Engineer: 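Let me begin by handing over the structure; questions about it come next.
Every chain is numbered from 1 and lettered A, B, ... according to where its sequence line falls, protein lines coming before strand lines. Here the structure is a predicted model, which is why all the values come from computation and not from measurement.
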There are 2 protein chains.
Amino acid sequence: MPGSTTDRQNAGPGKAGAYSVPQALAAMADRGFRLTAPRRAIATAALRQERPFTAEQLVADAATGDGESGRSTVYRTLEILAALGVLSRILDASGRPVYVAGAPVHRHHLVCDACGTALPFNVCPVADIADALARENDFEVRGHLLEIFGTCGDCRTESP
Amino acid sequence: MPGSTTDRQNAGPGKAGAYSVPQALAAMADRGFRLTAPRRAIATAALRQERPFTAEQLVADAATGDGESGRSTVYRTLEILAALGVLSRILDASGRPVYVAGAPVHRHHLVCDACGTALPFNVCPVADIADALARENDFEVRGHLLEIFGTCGDCRTESP
DNA sequence: GTGCAATTGACACAACGTCTCATCTGAAAT
DNA sequence: ATTTCAGATGAGACGTTGTGTCAATTGCAC
Ligand SMILES: [Mn+2]
Ligand SMILES: [Mn+2]
Ligand SMILES: [Zn+2]
Ligand SMILES: [Zn+2]
């Protein structure tokens, strides 16, 4: 059962808000999760990704890469990493859940149709109108979903 | 009535932007789609929904309600109705595609967690910042996704 | 009416995800 | 170092959502 105590030195993310693999593992151990070989492999693979990735992608990755891991374990470990704030689970342009590195802070993305890169931005234009909308419609706002889609500069220069 | 003429005046949606069943059928016929029994049944069932509905919900509905329709036909007909602007396909809080009545105009919704009601609103706070974000990040904006989640007044008064 | 292309729907298939449960293992206690 | 067992694994069955195929059916133009 989770809840024990161990080393807390590098349990948190660095300045950029991104966890290193050792930090991610420490965060897991902190919460009482056992450091198994599959979990090490999955955390390593997840943090190596430079773009949003689906669970299935990592299933395939983990099968060939850093040791074998079953589908169930991949799903379970990604869930844990998301709960710990090592990863965030967001929705891509098609509504499919994808994971990105970083805590699930209030954040939105510029998502490139071509390469899938999700560039975060933090200005939120929703808060301004949410209050007004809530009042006008007797609606209690809990949260919102905002993603902007298009094409990044790199992809535009590479295409005719 | 023998020899009655086909209403051509009903090809478009009414003032509220919502299609009636005859209007939806007329829109299909206009585009060369045949008016089959399954299509009538599916259009009828779809326009009867008062909340966003999934294709699978309508598959179940159509099986019991206005005559039998195969799964493939339901999916295909919903796709047609969405293409015609009779329905819109949006994403719910979980990212699942759902259909709502009305043309896929630029629109966002207040989506109730409890009852699923999707209340549209038309003020868009994204346009304001999209330009700036595009410029700052060399990103060509194609579109965006914005849904606000929470609880509607009806559901709040019914719960403790 | 006839003819034929459009349409249907049973069925197979695939992707994604959940659940179970027999087996294995990390790590705490000794 | 060995014991011990709750935590963890993963093969496999299963459910849901959605797509593709194709022989049989049917709307509709003529
Ligand atoms: Mn926001
Ligand atoms: Mn908008
Ligand atoms: Zn790109
Ligand atoms: Zn409600």
Side-chain angles (χ1 to χ4, degrees), chain A residues 1-7 24-43 45 52-84 87 89-99, chain B residues 5-6 25-43 45 52-84 87 89-99:
Chain A
M1 35 188 75
S4 61
T5 338
T6 49
D7 207 323
L25 295 176
M28 284 202 271
D30 251 16
R31 299 289 203 90
F33 293 105
R34 291 185 179 172
L35 297 187
T36 66
R39 282 177 179 165
R40 293 173 193 276
I42 293 164
F53 58 94
T54 65
E56 286 300 324
Q57 276 169 28
L58 218 62
V59 168
D61 243 53
T64 59
D66 328 72
E68 318 281 303
S69 298
R71 173 193 305 275
S72 303
T73 304
V74 171
Y75 274 87
R76 284 188 291 233
T77 303
L78 290 178
E79 207 173 335
I80 290 171
L81 291 173
L84 293 181
L87 301 177
R89 191 168 144 160
I90 63 174
L91 299 174
D92 74 1
S94 304
R96 275 180 309 235
V98 294
Y99 290 91
Chain B
T5 55
T6 308
L25 296 177
M28 284 202 271
D30 260 9
R31 298 288 203 92
F33 293 105
R34 290 184 179 173
L35 297 188
T36 68
R39 281 178 179 164
R40 292 172 193 276
I42 293 164
F53 59 94
T54 66
E56 286 300 325
Q57 276 170 27
L58 218 62
V59 168
D61 243 54
T64 58
D66 327 74
E68 317 283 302
S69 298
R71 174 191 305 275
S72 303
T73 304
V74 171
Y75 274 87
R76 285 187 293 233
T77 303
L78 289 178
E79 206 173 335
I80 290 172
L81 290 173
L84 293 181
L87 302 177
R89 194 168 141 159
I90 63 174
L91 300 174
D92 74 2
S94 304
R96 275 181 309 236
V98 294
Y99 289 92

Engineer: What's the CE-P distance between B:M28 and D:dC28, to the nearest Å?
Structural biologist: 11 Å
Engineer: Do A:R39 and D:dG7 share a donor-acceptor pair, side chain to base, under 3.5 Å?
Structural biologist: no
Engineer: Could you tell me which residues satisfy salt bridge (charged side-chain N to carboxylate O under 4.0 Å, His left out) with B:E79, sequence neighbours excluded, listed by chain and number?
Structural biologist: none
Engineer: From CG of B:L78 over to C1' of C:dT8, roughly how many Å is that when rounded to an integer?
Structural biologist: 15 Å
Engineer: So which heavy atom on B:P52 is nearest to which on B:V98, and how close?
Structural biologist: CB-CG2, 3.8 Å
Engineer: Taking CZ from A:R40 and P from C:dT25, how many angstroms apart are they, rounded to a whole number?
Structural biologist: 14 Å
Engineer: Please report the distance, rounded to the nearest Å, between CZ in B:R31 and P in C:dA6.
Structural biologist: 17 Å
Engineer: Do A:M28 and A:L81 have side chains that get closer than 4.5 Å, going by heavy atoms?
Structural biologist: yes
Engineer: Counting side-chain heavy atoms from C-beta on, which of C:dT7, D:dA6, D:dG10 comes nearest to A:R34?
Structural biologist: D:dA6
Engineer: Please examine the side chains of B:V74 and B:E56, heavy atoms only from C-beta on, and report whether any two atoms are closer than 4.5 Å.
Structural biologist: no
Engineer: Would you check if A:I80 and A:R31 make a side-chain contact, meaning some heavy-atom pair closer than 4.5 Å?
Structural biologist: no
Engineer: Sub-3.5 Å donor-acceptor pair from the side chain of A:R89 to the main-chain atoms of A:P97, do we have one?
Structural biologist: no
Engineer: Can you check the A:F53 CZ to C:dC16 C1' distance for me, whole Å?
Structural biologist: 16 Å
Engineer: Between atom CG of A:L58 and atom OH of A:Y75, what is the distance when rounded to the nearest 0.5 Å?
Structural biologist: 10.0 Å
Engineer: Mind calculating the distance between CZ (B:R76) and C1' (D:dT19) to the nearest angstrom?
Structural biologist: 10 Å
Engineer: Just call it for B:S72: base, sugar-phosphate, or nothing, with non-hydrogen atoms closer than 4.0 Å on any strand.
Structural biologist: base
Engineer: So, is B:T36 close to the C:dT8 phosphate, meaning a side-chain N or O under 4.0 Å from OP1 or OP2?
Structural biologist: yes
Engineer: Reading DNA chain D from 5' onward, which residue's closest nucleotide shows up sooner: B:L35 or B:E79?
Structural biologist: B:E79
Engineer: Could you check how far CZ of A:F33 sits from C1' of D:dA8, rounded to whole Å?
Structural biologist: 11 Å
Engineer: Identify each atom pair where a protein N or O and an N or O of nucleotides 14-18 of chain D are less than 3.5 Å apart, giving names and distance.
Structural biologist:
{"from": "D:dG18", "atom 1": "OP2", "to": "B:Y75", "atom 2": "OH", "distance (Å)": "2.9"}

